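Below you'll find the structure, written out as structure tokens, and then a few comments.
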Amino acid sequence: FFWSQGLLDVLFEYPIRSDKSHFSIEPRLARLGIRTLTVLRFLPPGAAVQGFEFLGDPGLVRLDPTWSQVARQFAARGFRLILGGTGPLLLLVCIVIPFRRFRPLAAVLTAFAAAHSITLIASAYNLAPDQLWFPPLVDTLLAAAIVYLAIENIVLTSLKNPQSSAVLSSSALKRRWLVTFGFGLVYGFGFSLALRPALQFAGTHRLTSVLSFDVGIEVALLLVVALLVPALDLVFRFAVAERLGTIVLSALIAHTAWHETGDRWEVLRRFTFEWPAIDAAFLAAMLRAMMLLVAAAGLYWLVFGLLEPPGNSEF
């Protein structure tokens with residue numbers, strides 16, 4: 001009898017005071033093996049069965065959390081997602097380098113926040129593709145987006161007015177706005193890949209979890225930008241000229257992201273892509289995509305039609 005062939009079945013019984021109590025569990029099973037998977041079924045009285053499945057030790061798991069507990073938990077998850085990953089930080093650096101004044105930076109960040117919020121919420125409600133090739137495709141596009149923005153920064157630097165360190169033409173800002181909006185849609189799908197495994201901990205407060213997760217992301221983005229802008233200003237003022245510093249920093253970011261893109265492409269190419277069938281589900285997806293384009297056009301008009309002063313060609 002080998003130890004790897006054994007199965008241990010344990011039943012815990014303990015009295016409860018009320019069936020309306022709030023239940024939670026803190027499994028500490030990771031130490032029992034190299035890889036531990038816990039499958040949990042919670043049967044609340046008068047409600048549907050709730051399923052949980054997690055690896056290792058997830059910490060304290062509230063089986064029927066309140067909306068405030070869900071809001072705090074998922075806001076913290078979204079905050080940690082930005083600060084704990086290099087991809088979003090590199091993207092923010094690329095966004096901030098050429099646009100450090102308030103108006104252009106606000107326009108670009110608004111595009112990015114609106115775009116990733118749309119696809120994040122859509123993915124949370126199963127409106128994103130569920131094929132196996134979709135996650136590696138998103139990962140590849142995320143890395144490629146950083147490469148593009150870094151190269152565009154180098155091009156914008158050569159076109160920038162040398163007498164002003166932060167003034168770019170309105171056309172350059174509009175192009176960056178549209179590009180950032182498009183990449184924001186992709187990043188929303190990327191954020192959803194990190195959110196989906198955690199939705200099981202939201203209980204009956206799915207919308208609260210998604211919105212709180214998005215709020216945590218936005219707070220982290222604002223914090224990073226608030227630190228990046230003065231830091232870059234100090235570097236370009238006392239350490240290196242802005243034109244040279246922008247080119248060097250953007251080139252380093254592009255080099256790093258290019259290698260990351262190649263690695264992710266090697267993973268993506270292992271999957272077989274199949275064209276979707278033209279059916280009701282496909283037509284519904286196309287309708288949602290058209291609605292997204294309409295929303296993007298409305299946001300574009302709001303930013304550059306209402307907020308831009310008449311006759312102002314530079315920001």
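It should be emphasised that the depicted structure is a prediction, and the values quoted were computed from it without experimental measurement.
Residues Phe42 and Val61 are members of one and the same hydrophobic cluster, defined by side-chain heavy-atom contacts under 4.5 angstrom among Ile, Leu, Val, Met, Phe, Trp and Tyr. Connection of Ile253 to Val96 is established within a shared hydrophobic cluster, with ILVMFWY side chains joined at heavy-atom distances below 4.5 Å, either directly or through further cluster members. Taking hydrophobic clusters as Ile, Leu, Val, Met, Phe, Trp and Tyr residues chained together by side-chain heavy-atom distances below 4.5 Å, Ile151 does not share a cluster with Val108. Phe102 is not connected to Leu232 by any chain of hydrophobic side-chain contacts under 4.5 Å among Ile, Leu, Val, Met, Phe, Trp and Tyr, and they are in different clusters. Linking Ile, Leu, Val, Met, Phe, Trp and Tyr whenever their side-chain heavy atoms come within less than 4.5 Å leaves Leu178 and Val147 in two separate clusters.
Atom OH of Tyr148 is separated from atom CG of Leu91 by 13.0 Å, given to the nearest 0.5 angstrom. Between Arg269 atom CZ and Glu266 atom CD the span is 5.0 Å, to the nearest 0.5 Å. Interatomic distance, Ile121 CD1 to Phe191 CZ, rounded to the nearest 0.5 Å: 13.0 Å. Taken from CD1 in Ile247 to CG in Leu249, the straight-line distance is 11.5 Å, to the nearest 0.5 Å. For the atom pair CG of Leu185 and CG of Leu120, the computed distance is 11.5 Å after rounding to the nearest 0.5 Å. The line from NE2 of His255 to CG of Leu252 is 8.0 Å long, rounded to the nearest 0.5 Å.
Taking Asp263 as the reference, nothing meets the salt bridge (charged side-chain N to carboxylate O under 4.0 Å, His left out) condition, with sequence neighbours excluded. In this structure, Tyr125 has no side-chain hydrogen bond (donor to acceptor under 3.5 Å, both in side chains) partners at least two apart in sequence or on a different chain. Partners of Arg196 by side-chain hydrogen bond (donor to acceptor under 3.5 Å, both in side chains), not counting sequence neighbours: none found. Shown here are the ring pair (Phe, Tyr, Trp, His ring centres under 6.0 Å) partners of Phe271, two or more places apart in sequence or in another chain: there are none. Taking the salt bridge (charged side-chain N to carboxylate O under 4.0 Å, His left out) definition, one finds that Arg264 meets it with Glu260, sequence neighbours left out.
Considering only heavy atoms from C-beta on, Ile146 comes within 4.5 Å of Cys94 through its side chain. Between Glu152 and Arg175 the shortest side-chain heavy-atom distance falls below 4.5 Å. Between Leu195 and Phe74 there is a side-chain heavy-atom pair separated by less than 4.5 Å.
The six-membered or imidazole ring of Phe112 lies away from that of Phe183, with a centre-to-centre distance of 6.0 Å or more.
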Check: residues 22-29 side-chain donor-acceptor pairs under 3.5 Å, at least two apart:
from, atom 1, to, atom 2, distance (Å)
His22, ND1, Asp64, O, 3.4

Under 3.5 Å, which donor-acceptor pairs do the side chains of residues 208-228 form with other protein atoms, sequence neighbours left out?
from, atom 1, to, atom 2, distance (Å)
Ser209, OG, Arg206, O, 2.5
Ser212, OG, Thr208, O, 2.7
Asp214, OD1, Ser117, OG, 3.4
Asp214, OD2, Ser117, OG, 2.7
Glu218, OE2, His116, NE2, 2.8

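Within the 3.5 Å criterion, the main-chain N or O of Leu32 finds no donor-acceptor partner in the side chain of Thr36. Side chain of Ser21 to main chain of Ser18: a donor-acceptor pair is present (N/O by atom type, distance under 3.5 Å, no hydrogens or angles).
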Any chance you could lay out the side chain to side chain contact (heavy atoms under 4.5 Å, CB included) test for Leu63 and Phe52, step after step, and finish with the verdict? CA-CA 9 Å; Leu63 305 183; Phe52 299 86; 3.9 Å; yes
Side chain to side chain contact (heavy atoms under 4.5 Å, CB included) between Phe201 and Gln73: does it pass, once the steps are laid out? CA-CA 9 Å; Phe201 304 123; Gln73 175 187 359; 3.7 Å; yes
Show the numbers, then the answer: is there a side chain to side chain contact (heavy atoms under 4.5 Å, CB included) between Phe236 and Thr246? CA-CA 9 Å; Phe236 293 153; Thr246 299; 3.8 Å; yes
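Residue pairs meeting the salt bridge (charged side-chain N to carboxylate O under 4.0 Å, His left out) criterion with at least one member in residues 35-61, sequence neighbours excluded, do not occur. Identified under the side chain to side chain donor-acceptor pair (under 3.5 Å) test for residues 222-241, with sequence neighbours left out: Arg100-Asp233.
Residue-environment remark: CG (Leu132) stays at or below the threshold of 12 foreign heavy atoms within 6.0 Å. More than 12 heavy atoms of other shown residues, nucleotides or ligands fall within 6.0 angstrom of atom CH2 in Trp133.
Applying the 4.5 Å side-chain rule to ILVMFWY residues, one finds Leu37, Leu55 in the same cluster as Val39. Other members of the hydrophobic cluster containing Leu43, listed by chain and number, are Val49; membership follows side-chain contacts under 4.5 Å among ILVMFWY residues, whether direct or relayed. Its side chain within the 4.5 Å cluster rule, Phe238 clusters with Leu234 among the Ile, Leu, Val, Met, Phe, Trp and Tyr residues.
Residues Val267 and Pro136 approach most closely at CG1-CB, 4.3 Å, considering heavy atoms. Closest of all the heavy-atom pairs between Ala124 and Leu199 is O-CD1, 4.1 Å. The minimum heavy-atom distance linking Tyr187 with Gly87 is given by the pair OH-O, 3.6 Å. Minimum interatomic distance between Pro58 and Gly56 (heavy atoms only, all atoms of both residues): CD-O, 3.4 Å. When all heavy atoms of Gly203 and Gln50 are compared, the closest pair comes out as CA-OE1, 4.3 Å. Nearest heavy-atom pair, Arg176 versus Ile95, reported as atom, atom and distance to 0.1 Å: NH1-CA, 3.8 Å.
Relative ring orientation between Trp177 and Phe181 is described as parallel, the plane-to-plane angle staying below 30° on a 0-90° scale split at 30° and 60°.
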